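Only one structure is covered here, and it is reproduced in the block below.
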Amino acid sequence: MVIRRCEPGQTFRTPGSHRLITIDHARPTLQQPQIDNTMKILVCVTSVPDTTTKITFTDNNTKFNKAGVQFITGPYDDYALARAIELKEKLGGTVTVLNVGEADTEPVIRKCLAIGADDAIRVNADPTDAFFVAEQIAAIAKENSYDLILMGRESIDYNGGQVHGIVGELLGMPSISPVMQLDINGDTAQITREIEGGKESLEARLPLVLGCQEPIAEWKIPNMRGIMTARTKPLKVIEPTSKDTLTNVASYELPAPRGNVKMIPADQAETLIQLLRTEAKVI
Amino acid sequence: MSVLIFAELDEGKLRKSSQEAIYYGAKVAEQLGTSATAIVIGQADDSELATAGRFGATKVLHAADSKLNEPNGMAYATVVAAAAQQEGTKVIVLAKSSLADAMAARLVGKLRAGLAANVVELPDLSNGFRVKRSIYTGKAFAYTDLTADVKILAIKKNTLAVEEKDATASVETFSPALNDGDFGIAVKSTDKATGDVLLPEADLVVSAGRGLKGPENWGIVEDLAKALHAATACSKPVSDLDWRPHSEHVGQTGLKISPNLYIACGISGAIQHLAGVNSSKVIVVINKDPEAPFFKSADYGIVGDVFDVLPRLTKAVQAL
Ligand SMILES: Cc1cc2nc3c(=O)[nH]c(=O)nc-3n(C[C@H](O)[C@H](O)[C@H](O)COP(=O)(O)OP(=O)(O)OC[C@H]3O[C@@H](n4cnc5c(N)ncnc54)[C@H](O)[C@@H]3O)c2cc1C
Ligand SMILES: Nc1ncnc2c1ncn2[C@@H]1O[C@H](COP(=O)(O)O)[C@@H](O)[C@H]1O
């Protein structure tokens with residue numbers, strides 16, 4: 001969304017969009033500054049194993065074992081979506097959800113629609129490589145001129161924390177992550193970003209690509225009405241526009257289990273310090 | 001052809017995690033039969049920069065344009081891309097951090113480089129370029145082939161045991177063309193704890209959970225941390241309740257850390273908490289409930305009351 005004060009009859013182009021806005025002399029009732037009520041937000045979401053999942057592999061450790069696994073929206077993506085809906089409620093506009101994934105991610109996409117996104121796009125492909133995913137997102141963003149592209153700070157499967165930065169670079173837009181607070185004033189975003197041992201307040205002009213984390217917003221839970229309307233909201237499935245990948249997983253491995261725990265009686269707690277020094281050699 | 005290491009400064013000193021990255025990069029350079037160059041951005045003395053040699057770098061490129069004084073992932077990516085081009089680099093190494101992650105992602109877009117994050121071992125070059133990286137928030141590893149011409153490795157802390165040597169690196173000023181478009185983000189203010197051990201960098205971490213009952217009780221946690229020169233951390237409910245700052249929260253939705261020693265006090269050990277700390281070398285759990293799940297993932301355990309045990313541990317450390 002872009003708020004611009006302008007004189008009647010004046011025409012301008014909103015940044016990152018191709019729409020021309022013209023103030024109409026024939027409607028003198030307009031007292032407010034002209035609002036281009038189309039803040040377009042794209043939220044990119046992953047479908048990932050629930051955080052309590054015990055991870056296992058099949059096919060000689062070359063495939064993730066989906067059997068019995070519950071898939072959820074990436075927890076950080078959920079924060080991004082929640083803030084997008086809040087901004088839409090406050091400022092007007094639309095929220096589009098985008099996932100690069102195969103058909104089994106649709107329950108997660110529908111849930112995002114139930115939470116309040118207006119429409120969704122699924123790029124029909126197995127998202128194994130961050131660059132590949134970023135190219136799909138960038139291609140869609142180029143066609144649609146979003147004011148904000150919100151993502152999670154990282155996906156909880158591959159934990160790359162890189163898709164937002166790659167998309168920003170491919171689109172020539174600033175990217176910021178991890179974002180803990182986001183407010184929009186006109187065409188400017190006020191942002192708080194976490195840094196090691198603290199935080200930073202930033203300001204930047206839209207359009208932007210942001211990687212989000214708590215406490216940017218509270219996670220939203222769909223209500224009954226949302227679930228009903230989600231069924232009829234548009235979910236467009238498109239094929240990938242490019243196929244390039246730069247990484248390729250050859251096989252997986254589970255971490256070696258920790259040895260048995262050595263218990264120390266509470267009344268001899270001090271021996272722990274000796275053991276950490278002489279046995280574990282970490283202090 | 002040299003391996004390029006993106007090394008970060010903290011108040012004019014090379015960060016500990018960057019020292020490890022330089023050491024790792026120098027090992028990769030050895031594997032490839034080439035040398036290691038560090039690129040350092042920001043203000044620092046030549047004498048400090050030359051210490052990169054202790055960790056295996058033979059050369060440091062120093063970009064000290066005052067426009068770069070504020071950490072800026074986009075502008076830093078432009079500088080690192082220029083350095084990579086000058087050095088003919090095919091492998092770029094960095095330690096994960098909020099700045100390095102932002103920089104590396106932009107670099108992927110610029111160079112079409114393949115990036116592996118959370119790398120935990122030296123690469124295997126016997127058949128292409130294969131790395132082992134941690135995935136599913138520490139619950140598994142993926143052996144990943146990097147197929148692009150340029151490869152970026154973001155290493156996890158404690159990947160290698162660093163051995164220092166007696167050597168200095170040569171320092172060269174590096175002044176690539178900067179790109180105005182990279183300076184669109186204005187930093188209004190920074191709010192950062194100083195003087196404390198930075199949690200992501202810390203070798204030793206004392207962490208506490210809801211078992212501490214309230215923020216007023218954190219003194220006993222801080223005392224033990226201070227005695228050990230450790231950083232403090234916390235569980236998610238503790239930061240949600242504002243007992244501790246968000247930047248201390250570890251786990252699935254917080255920081256992922258891999259220190260040498262993680263001492264968990266009054267934390268139950270939920271799987272989402274473990275996800276952030278399970279790659280710590282040694283884990284100590286102190287909990288009054290013998291059934292607390294955390295004991296299953298611990299190396300040492302004490303069933304006891306933190307209000308009794310922590311002060312005694314602090315005394316024992318002070319007596320060392
Ligand atoms: C999607 C999702 C993501 C999450 N991400 C994270 C995350 O990143 N990090 C995280 O930590 N959690 C996370 N959680 C929350 C997690 O599931 C647990 O709820 C949380 O870790 C529990 O914190 P705790 O151990 O401090 O508190 P509790 O579970 O309440 O445990 C307190 C412990 O203290 C012990 N205790 C009490 N008094 C004493 C005493 N006097 N002396 C010794 N011991 C005592 C108790 O026996 C108990 O074991 C996440 C949850 C979800 C759903
Ligand atoms: N397959 C995908 N489809 C849509 N968005 C994605 C996908 N993978 C990653 N993202 C977005 O990019 C963010 C960072 O992901 P990553 O770089 O994989 O850690 C995620 O939180 C998502 O918002």
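The sequence lines fix the lettering, A, B, ..., with proteins before strands; numbering per chain opens at 1. As the structure is a prediction and not an experimental result, all values here were calculated from the model.
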Of the listed Arg153(A), Glu200(A), Glu203(A), the one with the largest count of heavy-atom pairs under 4.5 Å with chain B is Glu203(A)
Taking every heavy-atom pair that is under 4.5 Å apart, which of Arg133(B), Arg312(B), His229(B) has the most such pairs with chain A?
Arg312(B)
Proximal component of Gln190(A), with respect to chain B [non-hydrogen, under 4.5 Å]:
neither
With a 4.5 angstrom heavy-atom cut-off, could you sort out which part of Lys132(B) is near chain A: side chain, backbone, both or neither?
side chain
So which atom in Asp145(B) and which in Ala250(A) form the shortest heavy-atom distance, rounded to 0.1 Å?
OD2-CB, 3.8 Å
Can you tell me if CG on Asn260(A) sees more than 12 non-hydrogen neighbours from other groups inside 6.0 Å?
no
On a heavy-atom basis, the closest approach of Ala117(B) and Asn159(A) is CB-O, 4.3 Å
Heavy-atom pairs under 4.5 Å with chain A: which of Ala316(B), Ala298(B), Ser189(B) has the most?
Ser189(B)
As an exercise, state the distance from CG of Asp157(A) to OG1 of Thr137(B), rounded to the nearest 0.5 Å.
8.5 Å
Between Leu228(B), Asp149(B), Val282(B), which has the largest tally of heavy atom pairs under 4.5 Å with chain A?
Val282(B)
Could you tell me which portion of Pro49(A) (side chain, backbone, both or neither) has an atom closer than 4.5 angstrom to a non-hydrogen atom of chain B?
side chain
In terms of heavy-atom pairs under 4.5 Å with chain B, which of Ala130(A), Ala204(A), Pro178(A), Ser251(A) leads?
Ser251(A)
Give the minimum heavy-atom separation between Pro255(A) and Gly138(B), together with the two atoms involved.
CG-O, 4.0 Å
Can you tell me which portion of Ile176(A) sits under 4.5 Å from chain B's heavy atoms? Options are side chain, backbone, both or neither.
side chain
Sorted by number, residues from residues 58-77 of chain A in contact with chain B (heavy atoms, under 4.5 Å):
Phe64(A), Pro75(A), Tyr76(A)
Donor on one side chain, acceptor on other, Ser175(A) and Arg106(B), under 3.5 Å
yes
With a 4.5 Å cut-off on heavy-atom pairs, point out which of Gly165(A), Ser201(A), Gly198(A) contacts chain B the most.
Ser201(A)
Heavy-atom pairs under 4.5 Å with chain B - which of Glu253(A), Arg193(A), His164(A), Met180(A) has more of them than the others?
Glu253(A)
With a 4.5 Å limit on heavy-atom distance, are the side chains of Asp101(B) and Glu154(A) in contact?
no
Checked Gly304(B), Ala148(B), Pro290(B), Ser239(B) vs chain A; the most non-hydrogen pairs under 4.5 Å come from Ala148(B)
Between Ile283(B), Asp10(B), Val131(B), who has the most heavy-atom pairs with chain A when the cutoff is under 4.5 Å?
Ile283(B)
Glu196(A) vs Glu8(B), test: side chain to side chain contact (heavy atoms under 4.5 Å, CB included). Steps then yes/no.
CA-CA 12 Å; Glu196(A) 279 75 14; Glu8(B) 280 182 70; 5.7 Å; no
Given heavy-atom pairs under 4.5 angstrom as the criterion, report whether the side chain, backbone, both or neither of Ala113(B) touches chain A.
backbone
Using a 4.5 Å cut-off on heavy atoms from C-beta on, say whether the side chain of Lys54(A) contacts that of Lys139(B).
no
Any donor and acceptor pair, going by atom type alone, linking the side chain of Asp299(B) with main-chain N or O of Arg258(A) inside 3.5 Å?
no
In short, Gly301(B) meets Val261(A) closest at the heavy-atom pair N-CG2, 3.7 Å
Under 3.5 Å: donor-acceptor pair, side chain of Thr147(B), backbone of Leu246(A)
yes
Which pair of heavy atoms, one from Ala140(B) and one from Leu254(A), lies closest together, and at what distance?
CB-CD2, 4.2 Å
Say whether, by atom type as modelled, one donor and one acceptor occur between the side chain of Gln272(B) and the main chain of Thr52(A) under 3.5 angstrom.
no
Is chain A contacted by the side chain of Leu198(B), its backbone, both, or neither, given a heavy-atom distance below 4.5 Å?
side chain
Given heavy-atom pairs under 4.5 angstrom as the criterion, report whether the side chain, backbone, both or neither of Lys236(B) touches chain A.
side chain
Flag if over 12 foreign heavy atoms under 6.0 Å of CG, Asn127(B):
no
Start with the C-alpha gap between Phe295(B) and Met263(A), add the side-chain angles, then the distance that decides, and say whether side chain to side chain contact (heavy atoms under 4.5 Å, CB included) holds.
CA-CA 9 Å; Phe295(B) 284 118; Met263(A) 297 305 292; 3.7 Å; yes
So what's closer than 4.5 Å to chain A heavy atoms on Pro200(B): side chain, backbone, both or neither?
side chain
Distance, nearest 0.5 Å, that separates CG of Asp191(B) from CD1 of Ile195(A):
8.0 Å
Under 3.5 Å side-chain donor-acceptor pair for Thr247(A) and Thr144(B):
no
Note: Leu115(B) and Gln162(A) closest approach over all heavy atoms is CD2-OE1, 3.1 Å
Between the side chains of Glu169(A) and Arg112(B), is the shortest nitrogen-to-carboxylate-oxygen separation below 4.0 Å, so that they form an ion pair?
no
Winner by heavy-atom pair count (cut-off under 4.5 Å) against chain B, out of Gly168(A), Gly259(A), Ser155(A):
Gly168(A)
Value for OG1 (Thr253(B)) from CD1 (Ile156(A)), rounded to nearest 0.5 Å, stands at 9.5 Å
As an exercise: rank Lys96(B), Lys151(B), Lys296(B), His249(B) by heavy-atom pairs under 4.5 Å with chain A and give me the winner.
His249(B)
Which residues, numbered in order, of residues 270-283 of chain A come under 4.5 angstrom of chain B by heavy-atom distance?
Glu270(A), Leu272(A), Ile273(A), Gln274(A), Leu275(A), Leu276(A), Arg277(A), Glu279(A), Ala280(A), Val282(A), Ile283(A)
Close side-chain approach of Lys199(A) and Ser247(B), heavy atoms under 4.5 Å:
no
Look at atom CG of Leu241(B) and say whether more than 12 heavy atoms of other residues, nucleotides or ligands are closer to it than 6.0 Å.
yes
Trace of the side chain to side chain contact (heavy atoms under 4.5 Å, CB included) decision for Ile264(A) with Tyr300(B):
CA-CA 7 Å; Ile264(A) 296 152; Tyr300(B) 297 96; 4.1 Å; yes
Among Asp267(A), Ile191(A), Thr56(A), Thr192(A), residue most engaged with chain B (heavy-atom pairs, under 4.5 Å):
Asp267(A)
With a 4.5 angstrom heavy-atom cut-off, is it the side chain or the backbone of Tyr252(A) that approaches chain B, or both, or neither?
both
